[in-house]
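Model, not experiment: these values are computed from the prediction. In this chain, residues are counted from 1 in sequence order.
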Amino acid sequence: MKSKSLLLIDAYSQIFRSFYAIRLLTNSRGEPVNAAFVFTKLLLQLEKNHASEYGAMLFDCGKVAFRLELNPEYKANRPPMPDALKSQIPLIRRIAEAFGWELIQCEGYEADDLIGGFAVKYQDMPVKIVSSDKDLSQLINSHVSMLIPGGTSVGGFEHRGVDEVLKKFGVAPEDMVDYLALLGDASDNIPGIPGVGPKSAVEIIKTFGSADKWLNDPACIDPEHKLGKKLLPHLDVVRRNRELIRLRTDLPETVDKDLPPVKKDPDWQLIAEICQDNQFKSILKELPSSPSVETSVESAEDFGELFAFASESLKHEKKSAKVEKNEPEEIQGELF
């Protein structure tokens, strides 16, 4: 039975994870289909375990001007999208539409900003965000949560709500912008405060309170405190980072705001044809026309293991490239 929640997919976050989950998978024509295969499994698992009447898939649309004005090097460290993935984007979009998803992208908005806009707009209904991007944790509250692919629960998704944010990061969702501003984000090329790691960032917030307080009144910071000595010379960095990391929550005029986006029923016949054309034999067995339509514990675990493998692959590649990262959650490159 479908839920009444609004399901929002951070598209490129999951497309990149899908690409790194399996390598060197091609169809009979020699075309790479690894990302398309894993992404299809993702959408199938969502359909089986988190089907909803409402939902949309949100795409980035280039780099956002106001963030580049704040930091011209924003995301400049990301490598180009691999050709083997770029060639799969049209197929992935076709698969997403076949599953009934509305695809939304708007100039001047990153996918995270669109997700933020929908989450704030529809506060009268449960919102579930499908992503592994820790920046989106700032949106979590009593009606907004995250579904993170690669979890160990049946269905392959880890739930992240208010309690899970506090347990994982040591701060509440409303403090995540301050936390990330102190820490920085190597994946987005946002430098943090020198010498401040996750534990120090949590301690600064617990000791001195919200950044709103001490950015407006630096006298609140004890200059003799070991953390105060680290923080005081870099208040401008924190101020800039907060503006970079804080998500927009205004939806663009081009988006229909009267009703939440409707998630259509999947076109199973079209999905089967796409899977047949690309030799996704294991997925064909899971489609409703197949006797094995029900999700099994084994298939859910296999799905989780795909994304666990993706995280390990990313760690290895970035370690080899000497790219530092605070938390290996997001797998992305340059989109355009």
Side-chain angles (χ1 to χ4, degrees), residues 8 10 12-13 58-78 104-123 127 129 131-146 160-162 165-166 168-193 196 198 201-202 204-206 208-218 220 231 234-252 255 325-327 329-330 332:
L8 303 171
D10 181 5
Y12 275 118
S13 170
L58 297 314
F59 287 79
D60 295 309
C61 191
K63 294 178 182 177
V64 177
F66 82 89
R67 291 193 174 102
L68 288 175
E69 290 175 4
L70 288 166
N71 178 13
E73 298 302 311
Y74 176 65
K75 293 188 176 181
N77 59 331
R78 292 192 176 185
I104 300 176
Q105 62 186 52
C106 300
E107 192 71 33
Y109 288 76
E110 295 186 42
D112 290 1
D113 297 315
L114 293 172
I115 290 170
F118 279 114
V120 170
K121 172 66 178 178
Y122 297 104
Q123 298 185 38
V127 176
I129 303 168
S131 181
S132 49
D133 187 347
K134 59 183 176 294
D135 290 3
L136 290 165
S137 295
Q138 66 186 270
L139 298 171
I140 291 177
N141 55 36
S142 60
H143 84 282
V144 179
S145 60
M146 290 176 66
R160 182 178 294 174
V162 174
V165 171
L166 185 58
K168 184 173 184 63
F169 299 105
V171 297
E174 56 266 29
D175 293 319
M176 279 299 296
V177 172
D178 291 350
Y179 170 82
L180 294 171
L182 291 163
L183 203 55
D185 189 342
S187 69
D188 286 344
N189 208 31
I190 301 175
I193 302 300
V196 172
V202 171
I204 285 172
I205 292 170
K206 289 181 177 179
F208 302 121
S210 167
D212 282 331
K213 177 182 177 182
W214 40 265
L215 285 177
N216 292 324
D217 184 11
C220 296
L231 183 59
H234 302 286
L235 296 184
D236 287 343
V237 172
V238 177
R239 188 174 287 108
R240 181 202 62 184
N241 286 358
R242 291 176 89 215
E243 295 306 308
L244 285 168
I245 293 165
R246 184 183 289 112
L247 300 179
R248 296 183 65 170
T249 55
D250 61 309
L251 286 171
V255 172
K325 194 171 184 184
N326 297 317
E327 189 174 78
E329 289 197 11
E330 184 186 10
Q332 284 202 4

- Got a second to check how far D10's CG is from S132's OG, nearest 0.5 Å? 7.5 Å
- Note on the structure: Closest non-hydrogen atoms of V255 and C106, given as atom of the first, atom of the second and distance, are CG2-SG, 3.8 Å
- Between S131 and M146, the two heavy atoms sitting closest are O-CE, 3.5 Å
- Which residues satisfy the ring-ring contact (aromatic ring centres under 6.0 Å, His included) test with F208, sequence neighbours excluded? H225
- Query: Going by an N to O cut-off under 4.0 Å, is there a salt bridge joining D212 and R242?
  - Reply: yes
- Drop me the distance from I193's CD1 to L235's CG, to the nearest 0.5 angstrom. 7.5 Å
- Message: A side-chain contact here means heavy atoms from C-beta on lying under 4.5 Å apart; do V165 and K168 qualify?
- Response: no
- Flag side-chain contact, heavy atom, 4.5 Å: L231 against V238: yes
- Item | Validation row: Y179, V202 side chains within 4.5 angstrom (heavy atoms) | yes
- Interatomic distance, F169 atom CZ to R160 atom CZ [nearest 0.5 angstrom]: 4.5 Å
- Query: Roughly how far apart are D188 CG and D133 CG, rounded to 0.5 Å?
  - Reply: 7.0 Å
- Query: With a 4.5 Å heavy-atom cut-off, do Q138 and I245 have their side chains touching?
  - Reply: yes
- Answer yes when D112 and R248 have at least one side-chain N-carboxylate O distance shorter than 4.0 Å, and no when they do not. no
- Message: I'd like to check the ring-ring contact (aromatic ring centres under 6.0 Å, His included) partners of F59; sequence neighbours left out, ordered by chain and number.
- Response: Y12
- Message: I'd like to know if the side chain of N77 reaches the main chain of A186, judged simply by a donor and an acceptor atom lying under 3.5 Å from each other, with no hydrogens or angles considered.
- Response: yes
- Query: If only atom types and distance count, is the side chain of H143 paired as donor or acceptor with the main-chain N or O of A119 below 3.5 Å?
  - Reply: yes
- Closest heavy-atom contact between S142 and V162? N-CG2, 4.4 Å
- Item | Gap separating the CD1 atom of I115 from the OG1 atom of T249, nearest 0.5 angstrom | 13.5 Å
- Item | Worked check of side chain to side chain contact (heavy atoms under 4.5 Å, CB included) between Q105 and D60 | CA-CA 6 Å; Q105 62 186 52; D60 295 309; over 6 Å; no
- Roughly how far, to the nearest 0.5 Å, is the CG atom of L58 from the CZ atom of F118? 6.0 Å
- Note on the structure: Nearest heavy-atom approach of L114 to P252 is CD2-CD, 3.8 Å
- Message: Measuring only between side-chain heavy atoms, which start at C-beta, is N141 closer than 4.5 Å to V144?
- Response: yes
- Looking only at atom types and distance, does a side-chain atom of D178 sit under 3.5 Å from a main-chain N or O of S210, one as donor and one as acceptor? no
- What pair of heavy atoms forms the shortest contact from P198 to L183, and how long is it? N-CD1, 3.3 Å
- Message: Side chains of L139 and V127, heavy atoms from C-beta outward: is any pair under 4.5 Å?
- Response: no
- Locate the shortest heavy-atom distance separating L247 from R67; write the atom from each residue and the value. CA-NH2, 4.0 Å
- Message: Between D185 and Y74, do the side chains contain a donor N or O and an acceptor N or O under 3.5 Å apart?
- Response: no
